[in-house]
Amino acid sequence: MTSTTDASDATGTTRTTGTTDASGADSYGELRAQLATLTTEAFRPELAEIDRLPTAEIARIMNGEDTTVPAAVAERLPQIAAAIDAAAERMARGGRLIYAGAGTAGRLGVLDASECPPTFNTDPAEVVGLIAGGPSAMVKAVEGAEDSKELAASDLDALKLTADDTVVGISASGRTPYAIGAVEHARDQGALTIGLSCNADSALAAAAEHGLEIVTGPELLTGSTRLKAGTAQKLVLNMISTITMIRLGKTYGNLMVDVRASNEKLRARSRHIVSLATGASDTEIEAALAATDGEVKNAILVVLGQVDGPTAARLLTESDGHLRAALAGVRTT
């Protein structure tokens, strides 16, 4: 019997590499039947001749499709909020936020994780993105990687998972073994688990403590879940990371006060943030940043709390990095 594996190609579309057993029967009959039940895999006959339409009309149709995604996310806001609160509680105890997925879903997780250090000054080890097949799978499909629950468990074991960690399994279909395996293994280790999928009654949501099923419906291109499903996953991941960081005190109002000034643009943004938060003059801002080694949050506390750099650092440490709490501490002393 010959055998090959299903994999996600570079676009995130699930494809079967095609195999038959000795009798010529399709050895993927069961999987094909399973995929046929998924909304994300449904065929839309009304779009069967989309390739014959003018480009502007195809663009109009795609834009219309995309406008339905926020509404699908809105239907699950209570569940999303509950998952975020649970994740923030774990992270406040020193836990990590870990995304795990294959294909497009895995790439979106890696993308969200990689944007946290420059945005919120997190350590790269605090928010981690795992993609089936490893880093090379970001740009090229790794055959069979998504089909292995054991690979997911191994990837998590390499991170030395703890009960304070949160693992978010991401899979548009909700059936990807790698994502399900990650959630199952994490739950066995006592970690918090979140399952993000785009089909109702998914195995991934069932395996997780917090199942987030954002049902975006059939895709413009049959089964190409890099489209609406991918957009929905990106929106939810934005919420998970951003609101978690807000809960952890990484912002002051809607200002990114933990931004890491690693280039000229971010250095200019740092000064703008201090200005918006304090209304201080450029001279005062430069002095405050100099006194705090360029730390935006500390500089704001120096200006608003009228304290020196070391005192600002101490107050922020005592308030677990929450600027409002540190300011309250200054005003009550």
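We number each residue from 1, following the sequence as shown.
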Task: Presence of salt bridge, R96 and D165, under 4.0 angstrom - done: yes

Open item on the list: On a heavy-atom basis, which atom in A299 and which in V274 lie closest, and how many Å separate them?
Closed with: CB-CG2, 4.3 Å

Task: Smallest separation among heavy atoms of A326 and S319, with atom names - done: CB-OG, 3.6 Å

Task: Note, I180 side chain near S171 side chain (heavy atom, < 4.5 Å) - done: no

Open item on the list: Between T311 and D308, is there a side-chain donor-acceptor contact under 3.5 Å, judged purely by atom types and distance?
Closed with: yes

Open item on the list: Could you measure the distance from the CG atom of L301 to the CD atom of Q306? Nearest 0.5 Å is fine.
Closed with: 10.5 Å

- [ ] Quick one: pull up CD in E209 and OG1 in T193 and give me the separation to the nearest 0.5 Å.
- [x] 4.0 Å

Task: Connected via hydrophobic side-chain network under 4.5 Å: F43 and I50 - done: no

Task: Lys/Arg N to Asp/Glu carboxylate O, K149 vs E184, below 4.0 Å - done: yes

Open item on the list: With a 4.5 Å cut-off on side-chain heavy atoms, are H185 and V167 touching?
Closed with: no

TODO: Heavy atoms only: give me the nearest A232-C198 pair and the separation to one decimal.
DONE: CB-SG, 4.4 Å

Open item on the list: With a 4.5 Å cut-off on side-chain heavy atoms, are E213 and L204 touching?
Closed with: no

Open item on the list: Please determine whether residues L248 and L323 belong to a single hydrophobic cluster, defined as Ile, Leu, Val, Met, Phe, Trp and Tyr linked transitively by side-chain heavy-atom distances below 4.5 Å.
Closed with: no

- [ ] Determine, stepwise, if the pair Y252 / L304 fulfils side-chain contact (heavy atoms from CB on, under 4.5 Å).
- [x] CA-CA 13 Å; Y252 179 64; L304 295 182; 4.0 Å; yes

Open item on the list: Testing the 3.5 Å rule here: is there a donor-acceptor pair between the side chains of S281 and T283?
Closed with: no

Open item on the list: Here's a test for you: under side-chain contact (heavy atoms from CB on, under 4.5 Å), which of I240, I246, I194 qualifies with I84?
Closed with: I240

Open item on the list: Do V168 and L97 have side chains that approach each other closer than 4.5 Å (heavy atoms only, starting at C-beta)?
Closed with: yes

Open item on the list: Counting only heavy atoms from other residues, nucleotides and ligands, does the tally under 6.0 Å from CG of D157 exceed 12?
Closed with: yes

Open item on the list: Looking at N254, is its backbone amide N or carbonyl O close enough to the side chain of T251 to form a donor-acceptor pair, meaning the two atoms are under 3.5 Å apart?
Closed with: no

- [ ] Apply the side-chain contact (heavy atoms from CB on, under 4.5 Å) test between I98 and each candidate in D155, V127, L159, T166; give the one that qualifies.
- [x] L159

TODO: Answer yes or no: is there a donor N or O on one side and an acceptor on the other, between the side chain of T317 and the main chain of A313, under 3.5 Å?
DONE: yes

TODO: May I ask you to decide whether E65 forms a salt bridge with R44, counting only side-chain N to carboxylate O separations under 4.0 Å?
DONE: yes

Task: T119/V259 under side-chain contact (heavy atoms from CB on, under 4.5 Å): CA gap, chis, key distance, verdict - done: CA-CA 5 Å; T119 307; V259 65; over 6 Å; no

Task: Test side-chain contact (heavy atoms from CB on, under 4.5 Å) applied to V302 and T292, step by step - done: CA-CA 8 Å; V302 164; T292 59; 3.6 Å; yes

- [ ] List the steps, then state whether side-chain contact (heavy atoms from CB on, under 4.5 Å) holds for V296 with L255.
- [x] CA-CA 10 Å; V296 172; L255 298 175; over 6 Å; no

- [ ] Verify whether one side chain among T40 and E219 offers a donor that lies under 3.5 Å from an acceptor in the other.
- [x] no

- [ ] Please report the closest heavy-atom contact between D66 and P70, naming both atoms and the distance.
- [x] O-CD, 3.5 Å

Task: Within 6.0 Å of CZ in R187, more than 12 heavy atoms from elsewhere - done: yes

TODO: Could you check if a side-chain atom of L111 sits within less than 4.5 angstrom of a side-chain atom of K234, using non-hydrogen atoms only?
DONE: yes

TODO: Flag the pair L77 / M239 as yes when at least one side-chain heavy-atom distance between them is below 4.5 Å, and no otherwise.
DONE: yes

Open item on the list: For residues I170 and L38: do they belong to one hydrophobic cluster (side chain heavy atoms under 4.5 Å, members Ile, Leu, Val, Met, Phe, Trp, Tyr)?
Closed with: no

TODO: Report yes if the side chains of L315 and E318 come closer than 4.5 Å at any heavy-atom pair, otherwise no.
DONE: yes

Open item on the list: Can you list everything that forms a side-chain contact (heavy atoms from CB on, under 4.5 Å) with S241? Sequence neighbours excluded, please.
Closed with: Y99, D112, C116

Open item on the list: Would you say CG of D51 has more than 12 non-hydrogen atoms from neighbouring residues, nucleotides or ligands within 6.0 angstrom?
Closed with: yes

- [ ] Give a yes or no on whether the backbone of V236 and the side-chain of R76 come within a donor-acceptor separation of less than 3.5 Å.
- [x] no

Open item on the list: Quick check for you: to the nearest 0.5 Å, what is the distance between T231 atom OG1 and I214 atom CD1?
Closed with: 12.5 Å

Open item on the list: If I compare all heavy atoms of M256 with all of I273, which pair ends up nearest, and what's the gap?
Closed with: O-CD1, 3.4 Å

Task: Sidechain-backbone polar pair: R93 side chain, D164 backbone, donor-acceptor under 3.5 Å - done: no

Open item on the list: Between I131 and L237, is there shared hydrophobic-cluster membership here, with clusters defined by ILVMFWY side-chain heavy atoms closer than 4.5 Å?
Closed with: no

Task: M245 vs D258 side-chain heavy atoms within contact, under 4.5 Å - done: no

Task: Electrostatic pair R271:E264 at N-O distance under 4.0 angstrom - done: no

Task: Rounded distance [0.5 Å steps], CG in N298 versus CZ in R314 - done: 12.5 Å

Open item on the list: Could you measure the distance from the OG atom of S224 to the CD atom of E41? Nearest 0.5 Å is fine.
Closed with: 9.5 Å

TODO: Please report the closest heavy-atom contact between L212 and I80, naming both atoms and the distance.
DONE: CD2-N, 3.8 Å

Task: Distance, nearest 0.5 Å, that separates CG of L221 from NZ of K228 - done: 11.0 Å

Task: Hphob cluster co-occupancy, L192 + M91, side-chain heavy atoms under 4.5 angstrom - done: no

